[in-house]
Amino acid sequence: MAETRHTKVLIIGSGPAGYTAAVYAARAMVQPILVQGLQPGGQLTITTEVENWPGEKHIQGPDLMVNMQAHAEAMGAEVISDYITSLDLKARPFVAKADSGTTYTADAVILATGAQAKWLGLPSEEKFKGFGVSACATCDGFFYRGKEIAVIGGGNTAVEEALFLTNFASKVTLIHRRDTLRAEKIMQERLFKHPKIEMLWNSEVIEVLGDEAPLGVTGVKTRNVETGEETIVPCQGFFVAIGHAPASELVKDQLPLHSGGYVQVEAGSTRTAIPGVFAAGDLTDHIYRQAVTSAGMGCMAALDAERWLAEQE
Ligand code: NDP
C-alpha cells in the first residue's frame with residue numbers, strides 16, 4: 001500500500017538552496033524531509049570547477065553538492081531520492097505526491113526546485129539531442145575527443161563550457177548573438193587567450209545539420225544578425241548554453257510568478273503568496289543565480305518557515 005508521511009517542513013529540491021534550508025531546519029529540530037528531484041544536487045552537479053564558493057578556492061561542483069548533502073544529513077535532515085509529481089497548496093496540511101507512490105503531508109513547504117537549461121527550440125536541435133546536441137559539457141564532452149565543437153551562448157555557462165570542452169576538442173567555436181559577452185571578465189580573459197577557441201560574433205544558430213544513418217551532427221548553420229549572411233560551422237558536437245528557466249511547473253497555477261516563470265516572494269523574505277509556503281534559490285531569483293545566493297535564500301527560507309510554524313502553535 002502506498003505510504004503517507006507527515007513532516008513539519010518539506011523541502012523540495014536538492015541544490016544549494018534546498019540543502020542549506022535542510023541544514024538550518026534540522027538544526028531548528030523540525031526534522032525536515034528533503035525530496036531531491038530528478039537531478040540530485042541540481043545544476044552544480046553538471047558544472048566543473050567552482051571558484052567562488054567562500055572558503056573553497058577551487059572545488060568540483062559535484063563534490064560541493066555531495067558535501068552539502070552529507071552536511072544536511074549529519075544535522076538530522078532526511079534526504080529522500082524521489083520526485084514530487086504534484087503539490088496541493090490549497091490543502092492543509094499541504095499535500096505532495098511523489099513518483100514512488102509516497103504521499104507527503106507538510107505543515108510548511110520550502111520550494112527549492114531551481115532552474116533547468118534552456119534550449120533554442122529548433123526542430124533540428126530536438127532531432128539531434130543525445131546524438132551530437134547537448135546542454136551539458138561535463139556530461140558529454142568526453143565523446144568529442146579530437147573533434148570540432150560549437151557552443152552557443154554568451155554567459156558564464158557558455159564560456160565555462162567552451163573552456164572545459166577544449167580538454168577534448170581539436171577546436172571550439174563559441175557562437176554569440178551579440179558582440180560582447182555577458183560572462184565575468186576573468187572568464188572572458190581565459191577564453192580569448194585560449195588557442196583552441198574561436199569566436200563567432202553577432203550570430204544565431206538557425207539549424208543543426210547532420211547525418212541520418214547513423215544519426216549525428218556534422219555542423220550548424222548560423223546567420224549573422226546584422227548582415228543576414230549564412231555560414232556553416234562544421235562540428236560534431238553542438239552545446240547549447242543559453243541560460244536557464246525556473247522549474248516552477250509544480251506551482252505555476254497556484255502561486256503568482258514573475259515573467260519568465262520565477263516564483264514571486266515578498267521583498268526581503270522567502271514568503272510566497274500562500275502562508276506556510278516559502279521559495280528559495282534559482283526558482284525565485286532571476287538576478288543573482290549563484291550557488292552562494294541560493295544557499296543564503298535556503299537559510300532564509302528555513303528561518304522563515306521556523307518562525308511561521310512557531311506562530312501557528
Ligand atoms: P545567462 O542568462 O547569464 O546567459 C545566457 C546567454 O545566452 C546570454 O549571453 C544570452 O545572450 C544567450 N542567449 C539567451 N537566449 C538565447 C537564444 N535564444 N539564442 C542565442 N543566445 C541566447 O545564463 P548562464 O547559464 O550563462 O548563467 C546563469 C547564471 O549562473 C549567471 O548568473 C552566471 O553568472 C551563473 N554561473 C556562474 C558560474 C560560475 O560562477 N562558475 C558558471 C555558470 C553560470 P545575451 O547576452 O544577448 O542576452
Side-chain angles (χ1 to χ4, degrees), residues 15-17 39 41-65 114-126 133-139 141 150-165 172-192 197 199-208 220-226 231 233 238-247 258-262 280-297:
Q39 189 180 52
Q43 290 176 68
L44 278 173
T45 56
I46 54 163
T47 191
T48 49
E49 285 96 21
V50 177
E51 295 180 351
N52 50 16
W53 181 259
E56 299 277 4
K57 285 194 281 296
H58 188 97
I59 186 166
Q60 294 290 317
D63 293 341
L64 181 59
M65 298 321 295
Q116 290 148 354
K118 277 195 214 161
W119 296 94
L120 292 171
L122 301 169
S124 53
E125 171 193 56
E126 191 58 40
V133 171
S134 168
C136 175
T138 332
C139 320
V151 177
I152 187 159
N156 270 347
T157 303
V159 172
E160 198 176 79
E161 299 225 338
L163 284 165
F164 176 72
L165 289 166
V172 176
T173 306
L174 180 58
I175 304 164
H176 183 39
R177 62 185 179 184
R178 294 185 297 124
D179 63 358
T180 50
L181 296 171
R182 185 182 286 277
E184 286 168 21
K185 291 286 179 277
I186 188 167
M187 306 277 288
Q188 295 195 27
E189 210 172 280
R190 281 183 212 159
L191 181 92
F192 296 144
I197 296 178
M199 289 299 310
L200 184 60
W201 298 108
N202 296 317
S203 297
E204 57 189 3
V205 168
I206 52 173
E207 193 182 347
V208 181
V220 288
K221 193 191 277 182
T222 64
R223 180 163 50 210
N224 186 296
V225 294
E226 287 177 345
T231 313
V233 178
F238 175 54
F239 286 78
V240 179
I242 59 166
H244 295 88
H258 288 290
S259 67
Y262 295 86
D282 284 9
L283 175 67
T284 172
D285 171 26
H286 55 104
I287 300 172
Y288 302 105
R289 296 179 291 183
Q290 302 300 302
V292 68
T293 48
S294 288
M297 283 185 260

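The chain is numbered in sequence order, starting from 1. Read the numbers this way: they start at 1 and go in the same order the structure lists the ligands and their atoms. As the structure is a prediction and not an experimental result, all values here were calculated from the model.
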Looking at OG1 of Thr157 and CZ of Arg182, how far apart are the two atoms once the value is rounded to the nearest 0.5 Å? 11.5 Å
So the atoms of ligand 1 within less than 4.0 Å of a heavy atom of Tyr288 turn out to be 32 (O)
So the atoms of ligand 1 within less than 4.0 Å of a heavy atom of Gly154 turn out to be 6 (C), 7 (O), 8 (C), 9 (O)
Closest contact, heavy atoms only, Asn156 versus Met187: OD1-CG, 3.7 Å
Does Gln43 reach the side chain of His244, with side-chain heavy atoms less than 4.5 Å apart? yes
Under 4.0 Å, counting heavy atoms only: does Arg178 come that close to any atom of ligand 1? yes
Looking only at protein heavy atoms, which one is nearest to atom 19 (N) of ligand 1, and what is the separation? Leu120 CD2, 3.6 Å
Is the number of heavy atoms from other residues, nucleotides or ligands within 6.0 Å of CZ (Phe192) greater than 12? yes
Residue-level breakdown please: for His244 versus ligand 1, do any non-hydrogen atoms fall below 4.0 Å on the side chain, on the backbone, on both, or on neither? side chain
Can you find an N or O of Ile152 that's nearer than 3.5 Å to an N or O of ligand 1? no
Any donor-acceptor N/O pair, Gln188 side chain to Ala183 backbone, under 3.5 Å: yes
For atom 43 (C) of ligand 1, what's the nearest protein heavy-atom neighbour? Residue, atom name and distance, please. Thr157 OG1, 3.4 Å
Report the nearest protein non-hydrogen atom to atom 7 (O) of ligand 1: residue, atom name, distance rounded to 0.1 Å. Ile242 CA, 3.2 Å
Under a 4.0 Å heavy-atom limit, does Glu204 contact ligand 1 with its side chain, its backbone, both, or neither? neither
Would you call the rings of His176 and Trp201 parallel, tilted or perpendicular, where under 30° means parallel and over 60° means perpendicular? perpendicular
Nearest protein heavy atom with distance in Å, relative to atom 8 (C) of ligand 1: Arg182 NE, 3.6 Å
Does ligand 1 have any atom sitting under 4.0 Å from a heavy atom of Asn52? yes
Treating Glu189 as the side-chain partner and Lys185 as the backbone partner, does any N or O pair qualify as donor plus acceptor under 3.5 Å? no
Can you pull out the closest protein heavy atom to atom 37 (C) of ligand 1? Residue, atom name and distance to 0.1 Å, please. Asn156 ND2, 3.6 Å
Looking at every heavy atom in both Val133 and Trp119, which two are closest together, and how far apart are they? CG1-CZ3, 3.8 Å
Do Trp53 and Val292 have side-chain heavy atoms sitting under 4.5 Å apart? yes
Heavy-atom contact check, 4.0 Å cutoff: does His176 meet ligand 1? yes
Tell me if a side-chain donor or acceptor on Ser294 pairs with a main-chain N or O of Ala17 at a distance below 3.5 Å. no
Specify the protein heavy atom at minimum distance from atom 11 (O) of ligand 1: its residue, its atom name, and the distance to 0.1 Å. Arg177 NE, 3.1 Å
Does the residue Glu51 have a heavy-atom contact with ligand 1, meaning some pair of atoms that are separated by less than 4.0 Å? no
In terms of its nearest heavy atom to atom 23 (O) of ligand 1, the top option of Gly243, Gly61, Gly155 is Gly243
Could you identify the single nearest non-hydrogen protein atom to atom 32 (O) of ligand 1 and state the distance to 0.1 Å? Gln290 NE2, 3.1 Å
Top protein contact for atom 42 (C) of ligand 1, by heavy-atom distance: Glu160 OE2, 3.5 Å
Taking all non-hydrogen atoms of both residues into account, name the closest pair between Leu165 and Gly141 and its distance. CD2-CA, 3.6 Å
